[in-house]
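We use all heavy atoms of the structure for the numbers below, so side chains are in, but hydrogens, waters and symmetry mates are not. Here is the naming used below: chain letters follow the sequence lines, and residue numbers restart at 1 for every chain.
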2 protein chains.
Amino acid sequence: MPFSKDTSAGYLANHMARLFANGLARRIAPLGLAPAQFMTLLELWAEDGLTQAALVERLDVEQATMANTLARMQRDGLIERRAHETDRRARCIFLTDKARRIEAPAIAAAEAQNAAALAGLSAEEQADLIGLMRQVVATMRREG
Amino acid sequence: MPFSKDTSAGYLANHMARLFANGLARRIAPLGLAPAQFMTLLELWAEDGLTQAALVERLDVEQATMANTLARMQRDGLIERRAHETDRRARCIFLTDKARRIEAPAIAAAEAQNAAALAGLSAEEQADLIGLMRQVVATMRREG
DNA sequence: TAGGGTTGAATAGCAGGCTATGCAAGCGCA
DNA sequence: TGCGCTTGCATAGCCTGCTATTCAACCCTA
């Protein structure tokens, strides 16, 4: 049986993620946000004042990736960095008022994108898909 | 109900695709390949001599993205470009011997990555996941 | 046939992913 | 106390995505 991109989980995952990212980018662009910035803000809206290392751990990206994303967010006035109280190497990340103000519309945009993407599936199928993706993510995180 | 990254289809799709890409990258790096080059080769192994526009259509990426990927593949000795027989704007993409020789090991690497990622799922669950992803891709492609 | 719209491709510039390095600060133990 | 390992972060350089722009070639129609 020949390898087919239409039945390859990896290929489909890549294609699906690109379409999700494009759709989200379009919806949050009016807020001055890009997708990775939104992901980072999700964590900071839940808990402000995290260090870069904490964000790296929660979002499962490399430290250098997060450093670059945070630099763009600071440039765009979404975050401030303040000295850590006890560890002079670390800098804590705090939201600006601007970042706090766009929480509701940004989350609404992400929910709209998810809804549009899943519109062809029943509620049960949507839950199945999410459950299966979580399992696959867990498997790949485990085996490095 | 708060928005949670652990139940957001878009977030999970992004995370899963990154893990797939990292795993594939590791497995095909010894062949001198990167993931997007592998995707492009999949089309060219099936049909040699395509134009850039044909590849763009089949892989659903932007023309500029494909132009850059092809430039790197040419630099790495995987493809040659020859003049189109009747259209002087177009250049046809042909595989080099080097690219033909790595077909089998590259496909084996991709199959190994898929198998590793889906190892925690039953055969039925694997088929469900692939079917659901295809539906989501189809929905998002339709609505632009 | 001349002009104008369309199409194939390259290029610039940016976001976001990665590895590899480098450095400063913290920590731990002889 | 001091040396060395670890940890937090920044930077450089690469690949892969995107939009926007440009240019040449093609094609159609007035």
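Side-chain contact between His84(A) and Arg91(A) is absent, with no heavy atoms from C-beta onward closer than 4.5 Å.
Comparing atom distances between the Arg89(A) side chain and each of dC26(D), dT6(D), dG17(C) picks out dT6(D) as nearest. Minimum atom distance to the side chain of Asn14(B) is reached by dG17(C), of the listed dC18(D), dT16(D), dG17(C). Of all nucleotides listed (dG17(C), dA10(C), dT16(D)), dA10(C) comes nearest to the side chain of Arg91(B). When distances run from any side-chain atom of Ala34(B) to the nucleotides dT11(D), dA10(C), dT16(D), the shortest one goes to dT16(D). Closest approach to the Arg18(B) side chain among dC18(C), dA10(C), dC26(D) is made by dC18(C) (side chain taken as heavy atoms from C-beta onward). The side chain of Asp87(B) sits closest to dG8(C) out of dG17(C), dT16(D), dG8(C).
The distance between atom CE of Met39(A) and atom C1' of dG16(C), rounded to the nearest whole Å, is 12 Å. Summarising the geometry, the separation between CD on Glu85(A) and C1' on dG26(C) is reported as 17 Å, rounded to the nearest angstrom. Between Asn68(A) atom CG and dG13(D) atom P the separation is 13 Å, expressed in whole Å. When rounded to the nearest whole Å, the span between CG of Leu70(B) and C1' of dA10(C) equals 12 Å. In this entry the distance linking CZ of Arg26(A) with P of dG17(D) reads 18 Å, nearest Å. Residue Ile79(B) contributes atom CD1, which lies 12 Å from atom P of dA9(C) at whole-angstrom precision. Atom NE2 of His15(A) and atom C1' of dG17(D) are 12 Å apart (whole Å). Computed from coordinates, the Arg75(A) CZ to dG16(C) P distance equals 9 Å when rounded to whole Å.
Side-chain nitrogen and oxygen atoms of Thr51(B) include none within less than 4.0 Å of the OP1 or OP2 phosphate oxygen of dG8(C). In this model, the phosphate group of dT16(D) is not approached by any side-chain N or O of Thr65(B) to a distance below 4.0 Å at OP1 or OP2. Regarding contacts with the backbone of dG26(C), a side-chain N or O of Arg88(A) is found under 4.0 angstrom from either OP1 or OP2.
Phe94(A) does not carry Arg81(A) over the face of its six-membered ring by the limits of under 6.0 Å from the centre and within 45° of the normal.
Residue contacts for Ala64(B): at a heavy-atom cut-off of 4.0 Å it reaches a base atom on one of the strands shown. Using a 4.0 Å heavy-atom cutoff across all strands shown, Gln63(A) reaches at least one base atom of the nucleic acid. Residue contacts for Ala53(B): at a heavy-atom cut-off of 4.0 Å it reaches the sugar-phosphate backbone alone, with no base atom in range. Residue contacts for Arg72(B): at a heavy-atom cut-off of 4.0 Å it reaches a base atom on one of the strands shown.
Between the side chains of Gln63(B) and Gln52(B), a donor-acceptor pair is found at a separation under 3.5 Å.
Between Lys98(A) and Asp76(A) there is no salt bridge, since no side-chain N of the basic residue sits under 4.0 Å from a carboxylate O of the acidic one. Using a 4.0 Å cut-off between charged nitrogen and carboxylate oxygen, Arg134(A) and Asp6(B) do not count as a salt-bridge pair.
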Practice task
Give the C-alpha distance, both sets of side-chain angles, the deciding distance and a yes or no for side chain to side chain donor-acceptor pair (under 3.5 Å) between Asn14(A) and Arg18(A).
Solution key: CA-CA 6 Å; Asn14(A) 171 279; Arg18(A) 281 192 283 121; 3.0 Å; yes
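Each of Gln52(B) and Asp76(A) was assigned the nucleotide of DNA chain C with the nearest heavy atom; the assignment lying further toward the 5' end belongs to Gln52(B).
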